[in-house]
There are 2 protein chains.
Amino acid sequence: MLNLKATDIGRGASAADLIRDALREAIVQGELRDGETLRQDQIAGLFNVSRIPVREALARLEAEGLVTSHRYKGAVVASLSLEEIAETFEFRALVEPEVVRRSVARMGADTLALARGHCAAFATEADPGAWAQHNRAFHSALYRDAGRPYHLRVVSDALDKVGRYLRAQLVLTDGMARARREHDAILEACAAGDADRAAELTRAHILGASELLIDFLRRERGGG
Amino acid sequence: MLNLKATDIGRGASAADLIRDALREAIVQGELRDGETLRQDQIAGLFNVSRIPVREALARLEAEGLVTSHRYKGAVVASLSLEEIAETFEFRALVEPEVVRRSVARMGADTLALARGHCAAFATEADPGAWAQHNRAFHSALYRDAGRPYHLRVVSDALDKVGRYLRAQLVLTDGMARARREHDAILEACAAGDADRAAELTRAHILGASELLIDFLRRERGGG
DNA sequence: ATATTGCAAATCGGATCCAATATGCGATCA
DNA sequence: TGATCGCATATTGGATCCGATTTGCAATAT
C-alpha cells in the first residue's frame, strides 16, 4: 500500500488567494494606512503576476469590508468613522461574550494552557509591534472550543475591520496595563469554569477598550 | 445655478456587481439548488459578457459564504449542514433582538406604518413564492431605525446564508400560521414601544422557526 | 472481465490586449 | 490675471487568448 505524506496540491492557494491574504494582513496590521489607494499595477508588480488575480483579491476584500472601491477610480483601504468603529466594538461586545460562554463549558486543559501561554506572551512582550498578535491569539484561544465556526468567522471579520485601530489603542494609549489585568481576570474565570463571569469580563474588556480608543481617536482626529 | 436630478453615473454598477447581485438573488431565492455547480462560461453567456466579471462576482460571493469554490473544479452553491444552519439561526437569535431593541426606541410612525404594510402583505399573500420576500421586508422594516449599519449588514449576510432554507420552512412546514401570529405580536410590541418585549419575541420567533426547520430537514435529509 | 493507462474534451487560472473613464497640465480666452 | 477648455497620460473594466488541471471514456494489458 502507498504511504506518502501527500499534500493536496490542488487545494493549494491560488495567486488570488495569496494576494488577498497578504493584503488583508497588511491592512489589519496597519502597514497600509487608512484611505491609502491600492493600485492594481503596483500590487501585481509586487507579486509578479498580472492584474487579474489582484482584481479578484480586491473583490474579495471589498466583500469583507476592508476595502472600498469606486468605479474607474480604484480601491482604497476602507477608513472607518468613529461611529463605525464604536459600532463594531459594540457588535463584538454582543457576540464574543456568548462565544466564550460556550467555550468555557467545553474547554480542555490543552486550550487553557494555550491561552495561558498567549496571555503570558502578551504580558511580557517588549515589542509593541507584536502586542496585537498576542492579544488576538489569546482571545482566539479562548474562543476555539466553542464549536461555533460561523460565530468565529463573524467575530474574525469584525476584528479584521478594527484591527489597526486596536493596535493603535494598545500602543498609543496606556491600554496595555489595563489589558494585562483584564486578560488575567478572564483567564482566571475560564480556569475556574465560571462561564458567566468570563462572558461578563469579556464584555467589559471590549467595551473598555472601545472607550479608550474612541476617546483617543476623538482627540487625534481633532473632531468634536 | 444648475439644478438637475443628477444621478452619479460613475457609481453605476459594474458588470461584476450586477452578476453578483443576480447570482446572490438566485441563490437566496433557492432558484439555484444546493450544491449546484456554477459554470463560468454558462453564466458569462447568460449576461453576454466574458468570464472575467463572472469570476470577480464569484470571488465576492465566496467571501460572503454563499459559494464555495475548489481550484480547477469550479464553484458550487454552498450547502450548509444541519449544524451550520442551526448555528446561523442561533447567531440571528443573538443579534436581531438587540437590533430591534434599539430600533423600537427610535421608531418613527412612518417605519411603523411600513412594517404594518409588510406584515399585512405577508399575512395575506397567496403565492408561497412571495412569502419569503414579505417576511424579510417586514423584519427589515423593524430593524431600519436602529442606526446600526454594521449589525444590519451582518444580519443580512446571515439571512442570505439561510434564505433558501427559510423559504422551505415557510412553504413546506406549516410555519405560516405561526409566523403570522408571531409577527402580529412583535408588531404590537413595537407599536407599544416595548423594546424588551419586541426583542424577546423576536428571539423566540427566530428560535421557533429554527426548530421547525431543523426538524423538517432532519426528516427530509433522512439523517438521524 | 477487470483494472490500468492514455488521450481528448471541458473547464479553470492567469496573461495580454483593447476600450472606457478619470485626472492633471498646458493652451486659450475674457 | 484667472477661469475654462482640451488633450495627454494614468488607471480601471472587460475581452480574448493561452497554459494548466480535471474528468470521462476508450484502448489495452493482464
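Just so it is clear: chains get the letters A, B, ... in the order the sequence lines come, proteins before strands, and each one is counted from 1.
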Gap between atoms [atom1] and [atom2], on [X] and [N] respectively (whole Å):
X	N	atom1	atom2	value
B:K73	D:dG24	NZ	C1'	14 Å
A:H70	C:dT23	NE2	P	11 Å
B:D41	C:dA9	CG	P	16 Å
B:R39	D:dT22	CZ	P	14 Å
B:L58	C:dG13	CG	C1'	13 Å

So, does B:Q40 get its side chain near the phosphate of C:dA10, meaning an N or O under 4.0 Å from OP1 or OP2?
no
How are the rings of A:F122 and A:H183 set relative to one another: parallel (under 30°), tilted (30 to 60°) or perpendicular (over 60°)?
tilted
Remember a base hit wins even if backbone is also touched, and classify A:L38 as base, sugar-phosphate or nothing at under 4.0 Å, heavy atoms.
sugar-phosphate
Answer yes or no: is there an ion pair linking A:R33 with A:E36, defined by an N-O contact shorter than 4.0 Å?
no
Check this for me, if you would: do B:D157 and B:R24 make a salt bridge, where the nitrogen-to-carboxylate-oxygen distance has to be below 4.0 angstrom?
no
Centre of B:F89's six-membered ring, under 6.0 Å away, within 45 degrees of the axis: is that where NZ or CZ of B:R92 sits?
yes
Under a 3.5 Å threshold, yes or no: a donor from one side chain and an acceptor from the other, between B:Y150 and A:E84?
no
Find every protein N or O atom lying less than 3.5 Å from an N or O atom of nucleotides 14-18 of chain D, and list the pairs.
from: D:dG14; atom 1: OP1; to: B:A15; atom 2: N; distance (Å): 2.7
from: D:dG14; atom 1: N7; to: A:R55; atom 2: NH1; distance (Å): 2.8
from: D:dG14; atom 1: N7; to: A:R55; atom 2: NH2; distance (Å): 3.1
from: D:dA15; atom 1: OP2; to: B:S50; atom 2: N; distance (Å): 2.7
from: D:dA15; atom 1: OP2; to: B:S50; atom 2: OG; distance (Å): 2.7

Give the table of side-chain donor-acceptor pairs shorter than 3.5 Å for residues 37-45 of chain A, with sequence neighbours excluded, one pair per line with atom names and distance.
from: A:Q40; atom 1: OE1; to: A:R51; atom 2: NE; distance (Å): 3.1
from: A:Q40; atom 1: OE1; to: A:R51; atom 2: NH2; distance (Å): 3.4

